[in-house]
Every structure is written in C-alpha cells, then in structure tokens.
Amino acid sequence: MRRLQDPCPNADDPDGRPAAATGSLPAELNPFVGREDELSELSGLLEEYRLVTVAGVAGVGKTRCVIRLAALREKRYCDGVLLAELSAVRDPDLLEHALIDAVGLTDHTSRPPRTVLVEHLSERRTLLVIDGFEHLVDACADLVTELLRRAPRLQVLAAGRRPLRVDGERTFPLAPLSDRDAVELFTERARGVRPGWDPTPGERASVLELCRRLDGIPLALELAAGRLRALSVEQVLLRLDDRFRLLTGGRRGAPPRHQTLRTAIGWSHELCTPEQRLLWARLSVFAGQFDLEAAEYICGGVDLPADSVLDVLDELLAQSVVEREDGPTGARYRLLDTVSEYGAQWLAAAGDAPRLRRRHRDWFLGLATWCELDWFSPRQAEVAARVDSELPNLRRAMECSMESPDEVHLAQYLAGTLWFYWAGCGRLSEGRYWLDHVLEEPSPHDAARLKVLWVLGYVAVLQGDAVGAISALQECREEAERSGDATALAYAVHRTGCLAIVTDDLPRAEELLREALGRYREVGELNSNVLMAQVELAMAVAFLGDLDAAAAICDEVREICEDHGERWALAYALYVLAYAALRRGRPARARQMLGECLTISRTFNDLLGTVLSLELLALVTVVEGDAGEAAVLQGAAEGIWPSVGLRLFGSAFYGRPRAECEERARREMGSAAYEDGLRVGRRLDTGTAVDRALGGGGPGAAVDGPGAGGAPPAGGPGGTRRPAASRMTGRGGPERW
C-alpha cells in the first residue's frame with residue numbers, strides 16, 4: 001500500500017481539507033536518547049508504505065520510538081497525528097470505541113463505530129499511531145485493513161510485540177540499544193535519581209558491562225538506573241548477577257532478551273521490601289491510570305495499612321516501577337504494562353486476585369455513584385473530567401461484574417449510573433454498547449435493570465433509533481408498573497415524551513412530559529434529568545406557539561441551575577430562551593444566549609447541544625444581515641450532524657429555523673454563493689466552527705427590535721425573567737423543590 005505523494009491538498013481548493021490540525025501525542029517527560037539510525041530508516045519506510053509496524057520484545061522502547069517518529073513527522077499530516085493506546089482495552093468489541101476516542105470523534109448515532117471511523121478518515125490526511133495491540137491482534141488487523149482500504153490518505157504506524165500480518169504491512173524489528181546509546185540512556189536516567197552524577201573511568205567500564213548484561217533493553221536499563229539512588233554501579237552489577245542465577249529460567253524457547261527483561265524486572269522486584277512487592281502486585285488490578293485515593297482503598301489492608309500506601313507508592317515511583325502522570329484531575333499514576341503483568345502474576349500466585357478485583361469493582365461502583373450525585377452540582381466539569389480519566393477502570397469494573405451471574409446486576413447498576421456521561425459527555429455510542437451488553441444476561445427486573453432500560457431508551461432517542469427507544473421504554477414502563485417502582489416509571493414516561501418531541505407529536509409530548517414532571521414531584525426527584533424534562537416541555541410549548549409559557553418554564557429552570565451550579569441542562573434552557581428571543585425580534589439577545597450554550601456544550605463535549613446551537617445561530621446571523629456567514633455556519637452544522645444522528649431528528653419543528661435560514665440566505669446572496677458558503681463550513685472541524693461562531697456576529701448584531709426577527713414578535717419582551725410566582729402554573733414548572 002503506497003502513500004500518496006502530495007502531503008496536503010491545495011489550501012486554495014474549496015473542496016480540500018484544512019491546512020492544519022492538532023494531534024494527540026503526549027509531551028516527552030524525559031529526554032529521548034539515541035535511535036537516530038532507526039528513526040531515519042523508519043521515516044524512509046513511511047515515505048513508501050502506508051502501514052509500518054514496529055515490533056519487538058516488551059521493554060525494548062517501541063512506544064517511545066513511534067511517538068518520537070510521529071512527533072518528528074507531525075507537520076506532514078494536515079489532519080493531524082492521532083495516538084491510540086490499546087494496552088488497557090481488554091475486550092475486542094471496544095477496539096473501535098478506543099480508536100474513536102483517539103480520533104477525537106463524538107458520535108451520537110446508532111451507526112457501528114467502524115462506519116463512523118471509516119467515514120471520518122476517508123478523505124483525511126492523517127497518521128494513526130496504534131500502540132500495544134498484541135492482545136487484540138486479530139481484531140486490530142481486521143480494522144486496520146478496512147481503514148487503509150477505505151481511507152486512501154491514511155497512514156498507520158503501529159507498535160506491538162508482534163506484527164499485524166496483513167497485506168501491505170512493512171514490519172520493522174526494533175533491536176535493543178547499541179552500546180553507545182545504552183550507556184547514554186543509563187547515564188541520563190541515573191542523573192534523574194543522582195543529579196550531577198558523572199561516572200568515573202572505573203564506573204564507566206561497569207556501566208558498559210551492566211548495559212551489555214541487560215542486552216541494551218531500555219526498560220531494564222531504566223529499572224537498573226533507578227537503583228543508583230541507593231547503590232553504586234558495582235553493587236548493581238553484583239546484585240544483578242545474583243538475580244541472573246536465580247531467575248534465568250522462564251518458558252522453553254522464549255527469546256533470551258525476554259528472559260533478560262524478566263530477570264531485570266524480577267531483580268528489581270526482589271530488591272523491593274515486602275510492602276513494596278505487595279503494593280506492586282495489588283496495583284496491577286488497575287487498568288491504565290489510578291489516583292492515590294483509589295490505591296489506598298483497593299490496595300490497603302491489615303498487611304498494608306491504607307495510611308502507609310503513599311510512602312510505599314513513593315518508593316515505587318523512585319524505583320521507576322510506577323510512573324506519575326499529571327492531568328486535568330491532578331496527580332495520577334500508572335504501572336508500565338510489562339511491570340503490571342509481572343505484578344499480576346504475583347497477585348495470582350498469591351491467590352488474592354479475585355478479592356482485589358472485587359475491591360477494585362466496588363471502589364468504582366462507589367465512584368460512579370458519587371459522580372452521578374455530583375453531576376447536579378457546581379462540580380459538573382470536574383465530574384466529566386474524572387469519569388474521562390477513569391473510563392478504563394470503569395470498563396474493567398463492568399467486565400468483572402459480568403463474569404458472575406450473581407453480580408450482573410452490579411454491571412447493570414454501573415452502566416445505568418453513568419447515564420450522565422453517555423448522554424451528556426458525547427459517549428452515546430459506547431454507552432449504547434454497554435447498556436445493550438449488560439442486558440444480554442438474564443437478571444430480575446430490579447431497580448438496576450429498570451434504570452438500564454430507561455437509560456437505553458434515552459440513548460436510543462438521542463441516536464434517532466425510535467424502534468430501540470420504544471422497545472426499551474415500553475419494557476421499563478410495564479415492569480415498573482408491575483413492581484411498583486415509581487421512580488423508574490417517571491423516567492420511562494419522561495423519555496417517551498422526549499421521543500414524541502423529536503417525532504413531531506407535540507400534543508402527546510406535552511401530555512407525557514407534564515405527567516412525568518408530576519411523577520417526579522411525587523417521588524421528590526430533582527436532578528439534571530428533571531430539569532431536562534422541563535426544558536423539553538418548554539421546547540414543545542414553544543413549537544406550539546406559546547413563547548411566554550416556554551420562557552417562563554426555562555427561566556425557572558435557569559434559576560434552579562444557578563442555585564445548584566448545574567450547567568449542562570442550563571445550556572438547553574438557554575437554547576429554548578434564545579429561540580423565544582429570536583422569535584420576539586431580539587437576535588442580539590439570542591446570540592448572547594447561544595454563545596453561552598456553545599461554551600457549555602464544548603466543556604462537556606456535548607455534540608448535540610453544539611450542533612443545535614449552531615443551527616439556530618445561523619438563523620440569528622442571517623437575521624442580523626450576514627447571509628454569507630449564516631451559510632458557513634449551516635455548512636459547519638451539516639458536517640457535524642452525521643456524528644449526531646438523523647439531521648434535526650427528521651423533525652419539521654426542529655428543522656424550521658434551518659429552512660428559514662436557507663430560504664433567506666439564498667434569496668439575499670444567490671444560490672451559487674450560498675452553496676460556496678456551505679462548502680466552506682463543511683470543511684471546518686467542530687472546534688474551529690465553535691470558535692468561529694463565538695467570535696462572530698453580523699453587521700446588525702447590536703440591534704434588537706421588532707423588525708429584526710426571523711418571525712413576527714410573539715409575546716412580550718424577551719430576555720431571561722423570573723416568573724411572577726414559583727407556584728405550579730400549568731406550564732410545567734415545579735411549585736418548590
């Protein structure tokens with residue numbers, strides 16, 4: 001498979017791709033050492049082949065090498081370099097979701113993830129870096145083959161312990177470091193624990209011998225260098241020699257380098273204190289990153305008190321057994337994959353793996369419960385970031401619960417509890433996967449199963465899958481009535497009303513949503529879902545022509561959101577208020593509200609909120625007098641809808657602003673110019689489109705008045721006002737919460 005020779009399309013070509021895109025490569029935390037010849041050869045291979053796989057033994061430096069190469073060549077890919085780390089993905093069915101994450105896609109539809117990936121990458125000039133795929137080799141080979149066949153501008157750089165073995169692959173076996181590079185790496189890493197260390201001539205000879213004894217394997221060298229904090233080079237050599245005599249066995253036929261690496265890790269393990277070895281083994285239950293609180297709870301016990309975990313963890317950090325990674329949620333930690341596998345073997349040998357896996361599962365059940373409660377608070381953005389970082393562990397917790405028929409209900413509880421993440425943070429596709437998956441195993445219709453059913457119905461509505469939504473919601477309603485679960489019944493009624501809105505059955509939607517709000521009030525429920533029921537009622541009322549009633553409902557929602565720090569539901573309330581303001585002839589006020597909608601939706605990666613706001617903002621823009629920019633915004637929305645679902649839900653009511661905008665823009669600028677504007681907008685990625693919308697404003701943006709709106713004024717002044725009384729007005733607002 002030969003790559004295209006043109007690195008990027010012509011920037012002047014209206015049908016070309018953007019000239020730049022951001023990548024997902026991590027920053028290097030310590031200097032990259034050596035590998036100049038290998039990087040040069042690999043770079044040449046990428047000039048000739050579309051799939052290059054760097055293969056080698058664990059610890060030989062495959063990951064650092066491919067990330068370094070990708071960073072050096074990043075500017076050659078006008079649509080970016082994307083990194084997919086697959087070591088924490090255990091289920092082959094989640095492979096495509098992991099790649100969707102790497103690509104940065106948000107897809108609300110029920111389309112297969114592979115279809116989404118192919119469609120997104122089909123015309124993009126991208127380098128996809130895949131790391132740690134060997135445990136998913138069959139699924140990965142199949143997916144990569146299809147992507148390369150259907151995305152002619154795509155190149156793949158893979159790193160694993162074995163090749164993919166597909167047509168067109170060029171395999172590059174990565175050898176250990178040369179003596180020179182090995183000595184340089186060891187010296188560099190040793191200075192990390194002994195600043196300013198400069199080996200004496202005698203030590204240099206010992207360093208060279210040490211590097212040769214470890215066969216120049218970077219992971220082994222880094223583990224050995226970490227020992228210079230307490231030992232001399234000569235002592236390291238002596239102890240390493242002891243460990244070779246102890247641990248040179250392993251599998252018959254295993255490569256000597258593999259045995260050497262195991263020896264190096266085993267030697268580092270033997271030098272640990274009993275407490276350090278115990279924590280090392282227990283930390284292997286984590287998938288990907290973890291934080292201190294989780295480590296203290298899961299790994300602590302009588303033999304390792306929770307209040308001692310920090311000190312022991314600090315020692316493992318000093319010995320390069322654990323790595324620290326700082327992110328949006330603070331300091332987090334990770335075991336290197338090979339180190340984690342070694343710890344898992346010790347944990348299994350001790351017979352403690354099942355207990356630790358249950359503790360891990362229980363911790364993340366508790367975390368999800370806390371996050372669901374805290375979603376309705378000023379900490380919404382923090383909750384979204386936390387669940388993002390813990391997703392590999394949450395997946396592992398669900399997988400653990402699915403292994404036993406007696407614990408399936410816990411997997412159902414976890415999948416349902418994460419409704420706010422699936423629906424509010426752009427994870428509908430993966431949410432649909434888990435919700436369907438946990439319902440595959442038979443279980444009683446208890447509260448956990450009922451919650452999964454209404455959440456599944458909600459996700460299906462947002463994906464445009466009316467059949468799936470009706471099936472799940474009907475089952476939920478029938479079983480809730482049978483079992484007397486008033487809360488589940490309220491949610492089933494609510495989400496059925498939501499389905500009625502998007503299918504244009506507005507009288508039925510109003511009836512169901514009012515019923516749901518009454519049921520919520522009876523059970524004392526107040527959260528983001530309840531507020532969304534009010535917003536959805538307001539939308540139905542607005543579409544039916546009562547702008548005053550819609551604004552009154554959303555003003556009350558807005559005040560509740562401000563009281564509780566809720567932002568996600570607030571964005572949708574502002575959308576309805578912007579719709580009402582525009583219809584009342586106040587486009588500047590509508591623009592202000594839609595700007596806040598876009599900002600909030602971007603915070604949570606809520607693609608539905610983003611695209612709805614862009615659609616309405618396009619009408620605001622043409623009303624303000626800038627038909628050209630309105631066309632661009634409509635084109636940007638067109639480009640986003642395929643990842644959301646059926647455009648504007650196929651609804652005549654949701655589609656009315658778009659139709660009005662198009663009719664007015666075509667009339668003012670002509671069809672040819674309008675189509676040009678659409679093409680410009682379609683080429684914008686979501687982030688660029690949102691930035692452009694937030695920085696825009698038509699010539700008349702500062703003018704509000706009866707004659708400025710896209711429709712005659714309907715009702716009194718716009719704006720955000722508090723209803724005269726907080727009693728139940730018949731418009732859907734609660735009397736008092």
Side-chain angles (χ1 to χ4, degrees), residues 1-11 13 16-56 60-87 98-99 101-105 117 120-133 140 143-145 147-160 163-164 166 168-175 177-178 181 185 218 685 687-688:
M1 297 180 186
R2 293 297 182 100
R3 62 170 290 199
L4 296 176
Q5 294 304 308
D6 57 321
C8 284
N10 188 331
D13 178 5
R17 295 297 309 155
T22 58
S24 62
L25 298 177
E28 292 183 334
L29 300 180
N30 48 38
F32 184 89
V33 175
R35 300 288 196 195
E36 288 88 355
D37 292 342
E38 291 93 333
L39 290 172
S40 177
E41 187 174 351
L42 280 167
S43 186
L45 290 176
L46 282 176
E47 294 291 337
E48 296 295 326
Y49 296 91
R50 295 182 57 214
L51 170 59
V52 176
T53 299
V54 178
V60 80
K62 302 180 294 294
T63 299
R64 285 298 302 268
C65 190
V66 297
I67 290 177
R68 180 69 169 184
L69 177 64
L72 292 172
R73 296 178 58 87
E74 188 168 15
K75 292 183 179 179
R76 296 171 179 261
Y77 300 93
C78 49
D79 290 299
V81 175
L82 305 164
L83 172 63
E85 296 176 306
L86 303 180
S87 59
L99 261 66
D101 289 347
V103 173
L105 282 176
L117 281 168
H120 179 79
L121 294 172
S122 60
E123 296 300 327
R124 283 175 164 80
R125 183 78 176 93
T126 302
L127 176 65
L128 176 61
V129 181
I130 299 176
D131 182 38
F133 62 82
C140 197
L143 178 57
V144 167
T145 298
L147 290 177
L148 288 171
R149 283 175 176 167
R150 299 180 63 182
R153 296 178 180 273
L154 174 69
Q155 281 188 281
V156 177
L157 177 61
L164 288 166
V166 300
E169 178 184 31
R170 178 62 184 267
T171 302
F172 183 89
L174 188 64
L177 294 171
S178 65
D181 287 349
L185 176 66
D685 60 51
T688 304

To the nearest 0.5 Å, what is the distance between OG on Ser40 and CZ on Arg35? 14.0 Å
Rounded distance [0.5 Å steps], CG in Leu83 versus CG in Asp101: 12.0 Å
Kindly indicate whether the side chain of Leu177, heavy atoms from C-beta on, has any atom under 4.5 Å from the side chain of Val33. no
Leu72 vs Leu39, side chain to side chain contact (heavy atoms under 4.5 Å, CB included): CA-CA, chis, key distance, verdict: CA-CA 9 Å; Leu72 292 172; Leu39 290 172; 4.2 Å; yes
Paired with Leu51, the side-chain contact (heavy atoms from CB on, under 4.5 Å) test is passed by just one of Val156, Leu128, Thr145, namely Val156
Salt bridge (Lys or Arg N to Asp or Glu O under 4.0 Å), that's the test. Do Arg68 and Glu38 meet it? Break it down for me. CA-CA 11 Å; Arg68 180 69 169 184; Glu38 291 93 333; over 6 Å; no
Under the side chain to side chain contact (heavy atoms under 4.5 Å, CB included) rule, what do Leu99 and Leu86 come out as? Steps first, then yes or no, please. CA-CA 9 Å; Leu99 261 66; Leu86 303 180; 4.0 Å; yes
Using a 4.5 Å cut-off on heavy atoms from C-beta on, say whether the side chain of Ser87 contacts that of Asp131. no
Can you tell if the side chain of Arg64 reaches within under 4.5 Å of the side chain of Pro218, non-hydrogen atoms only? no
Between Lys62 (side chain) and Gly56 (backbone), is there a donor-acceptor pair under 3.5 Å? yes
With respect to Tyr77, which candidate in Gln155, Arg153, Arg124 satisfies the side chain to side chain donor-acceptor pair (under 3.5 Å) definition? Gln155
Is there a side-chain contact between Phe133 and Thr53 (heavy atoms, below 4.5 Å)? yes
Would you mind reporting whether Ile130 and Val66 have side-chain heavy atoms less than 4.5 Å apart? no
How many angstroms lie between atom CZ of Arg170 and atom CG of Leu46, to the nearest 0.5 angstrom? 11.0 Å
Using 0.5 Å steps for rounding, measure from the CG atom of Leu45 to the CG atom of Leu157. 10.0 Å
From NE2 (His120) to CG (Leu154), nearest 0.5 Å: 10.5 Å
Any side-chain heavy atom of Asp37 sitting closer than 4.5 Å to one from Ser178? no
Separation of Thr63 OG1 from Glu85 CD (nearest 0.5 Å): 7.5 Å
State, to 0.1 Å, how close Leu121 and Ala151 come at their nearest heavy-atom pair, and which atoms those are. O-CB, 3.3 Å
